[in-house]
Amino acid sequence: MSNSKFNPFKAKLFSGWGFLSRGLLIIAVFVLLHLLGLREYTSFISGTTSGSFGDLLGVTYFILYSLTIFVAPVLIIATAFMKIFSRYAGVED
Amino acid sequence: MLKKFFSCRVCRGITSLLLAAVIWLPNAHRFFDQPASNYIAGAKAPPKAMAIAGRHIRLWTDPELRKLELEKMRSRNAEWDFMARCFFVWSLANMGLRDPSLTATVLPVMDSIIDETIKLEQQHGIHFFLMPYSRISEFKLQPERSIFIDGEIALMLGLRRLLEEKEEYKKLHRDRIDIMLERMQKSPVLCAESYPDESWLFCNSIALASIKVGDYLDGTDHSEFFARWLESAKANLIDKETGLLVSSFDFEGKRISDGPEGSTIWLVAHCLKLLYPEFAAEQYNLATKHLRTSMGYFGYAYEWPGGTGHDDVDSGPIIPLLNLSAGSTGLAFVGAATFGDREYLAALYRSLELGAFPVYDSLGVRYCASNTVGDAVLLYSMALGPAWEKIMKGRPADE
């Protein structure tokens, strides 16, 4: 029971851990793609490559990068608010 | 009441997300802000320009590296190979004019690029640097020549001479100017073909700038031709809806192929500033009105007015929803730098750091989302200024 609570894939979406784990997961996947060298494939943006499998890798990197910049920090900050509101309402997160 | 609201998990969650978004999203841009000194030149070229130039100099002095880069470019578009050379040489000329201590370093690189480009043109003909459709039909004016090639080479020669005179280049420069003038004057709208029966203002405005550079260097005077050209452009090449100059048209100037587009107008405004500063500023202002846009603090440019329209090889892929065009945005740096639009420039650099994926290494910096021509355009936007200023002041004897 408690194990599934901390599993990022099973954690409730609207919970402190749900936000935090998903935020960290996005960052982790992005870091992995970055370390695999997928940044190079973002040349699809300027049309330097076109129609190849590399473009798909570039698009994947671009999406994960955007999520890391704009979504993951929101999820991580929201974790703190979730904790505060739970404590205020006297309910379990 | 509030406790009851927050005892609901979904209410808590949505409120938390909204508050977090209100905190994060308006502040995310701070991580991508660049100090203006990074990209606006003072007495010397800014650090970012030096980092890009360093990489390009290495590219042009290391045959293996150059071969790899040029093959990558040519596999998509032979024009990019050519334009990367031109923008880089124009950048080096401006860097040398701004900081004379760089002259000895940049001159051999400039000469090597100019010589190799002219050699390739002589060996393979104009089609070597054009897209394949240049062979599909015949140029209206024979023998076939492209103002795209002539104008950009002439500007390379001219700016090289402006930095330091070279007798060997003087004749080459003058010959190109004579050829361009002859062909431009044969067109009813005073614009020569870039491709068969297809004239581009991008290329013709560069040609005009290179003729003006020639006037400055050799004391010739084409002011009457320049006045006629402006009159013709205002009468025939202005888009009625936007007031912007169109991009491409047939040799007669009767059929407009492409209306105003970002990948053309930003550079056209830059070139025309040398001849018609007021008209160029007016075009830049109209371009910002119709093409400049942003997502929050991140600036970029549309390819087509209002953001609607198809993508093509000049625009690069247009990113859905944002309607962002890499081609137009790249050249918007040149426009904003030319007209001292610091606010737009800062927003563009923020976007560059956010979405162009810079990679810093021992060679300097390059942008993964860009390519060699994109980086050269960016370098030019940071270097430009001294050449135009010098010419606009007039020849010493004229003052």
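Within every chain, numbering begins at 1; the chains are lettered A, B, ... in the order of the sequence lines, protein sequences first and strands thereafter.
Looking at B:Thr372 and B:Leu59, their side chains come closer than 4.5 Å, going by heavy atoms from C-beta outward. Side-chain contact check for B:Ile265 versus B:Pro260: every heavy-atom pair is 4.5 Å or farther apart.
At a 4.5 Å heavy-atom cutoff, the contact between B:Ile23 and chain A is made by side-chain atoms alone. Both the backbone and the side chain of B:Ser7 come within contact range of chain A, with heavy atoms under 4.5 Å apart. Heavy atoms closer than 4.5 Å to chain B are found in both the backbone and the side chain of A:Ser86. Neither the backbone nor the side chain of A:Ser66 comes within contact range of chain B; no heavy atoms are under 4.5 Å apart. Of the two parts of B:Leu2, the backbone and the side chain both hold a non-hydrogen atom closer than 4.5 Å to a non-hydrogen atom of chain A. Looking at A:Val74, the atoms closer than 4.5 Å to chain B (heavy atoms on both sides) sit in the backbone and in the side chain alike.
In this structure, B:Phe333 has its ring center closer than 6.0 angstrom to the ring center of B:Tyr349. In this structure, A:Phe62 has its ring center no closer than 6.0 Å to that of A:Tyr41. Ring pair B:Tyr195/B:Tyr133: centre-to-centre distance below 6.0 Å.
Ranked by heavy-atom pairs under 4.5 Å with chain A, the first of B:Ser75, B:Gly374, B:Gly330, B:Pro358 is B:Pro358. Contacts with chain A were tallied for B:Ala21, B:Ala356, B:Ser16; B:Ser16 has the most, counting heavy-atom pairs under 4.5 Å. The candidate from B:Phe5, B:Phe357, B:Tyr367, B:Phe6 with the greatest count of non-hydrogen atom pairs under 4.5 Å with chain A is B:Phe357. Annotation: maximal heavy-atom pairing with chain B below 4.5 Å, among A:Tyr61, A:Tyr65, A:Phe19, occurs at A:Tyr65. Considering only heavy-atom pairs separated by less than 4.5 Å from chain B, the leading option among A:Gly18, A:Pro73, A:Ser15 is A:Pro73.
For B:Phe87, the ring-ring contact (aromatic ring centres under 6.0 Å, His included) partners at least two apart in sequence or on another chain are B:Trp90, B:Tyr380.
The salt bridge (charged side-chain N to carboxylate O under 4.0 Å, His left out) pairs that include a residue from residues 12-23 of chain B number zero, where partners must be two or more places apart or lie in different chains.
Residues from residues 24-34 of chain B that place a non-hydrogen atom less than 4.5 Å from a non-hydrogen atom of chain A comprise B:Trp24, B:Leu25, B:Ala28, B:Phe32, given in numerical order. Contacts of residues 23-39 of chain A with chain B at a heavy-atom distance below 4.5 Å involve A:Arg39, listed in sequence order.
A salt bridge links B:Arg85 to B:Asp81: at least one charged side-chain nitrogen sits closer than 4.0 Å to a carboxylate oxygen. Using a 4.0 Å cut-off between charged nitrogen and carboxylate oxygen, B:Arg55 and B:Glu69 do not count as a salt-bridge pair. Ion pairing of B:Arg366 with B:Asp375 is absent here, as no side-chain N (NZ or NE/NH1/NH2) approaches a carboxylate O to less than 4.0 Å.
Inspection of the B:Ser248 and B:Asp258 side chains reveals an N or O donor paired with an N or O acceptor under 3.5 Å. Judged by distance alone, the side chains of B:Glu261 and B:Tyr302 never bring a donor and an acceptor atom under 3.5 Å apart. A donor and an acceptor atom, one from each side chain of B:Trp266 and B:Ser328, are located under 3.5 Å apart.
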*Any chance you could lay out the ring-ring contact (aromatic ring centres under 6.0 Å, His included) test for B:Phe148 and B:Phe82, step after step, and finish with the verdict?*
CA-CA 10 Å; B:Phe148 169 61; B:Phe82 181 68; 5.1 Å; yes
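Considering B:Leu379, B:Leu378, B:Val377 as possible partners of B:Ser381, the one that fulfils the side chain to side chain contact (heavy atoms under 4.5 Å, CB included) test is B:Leu378.
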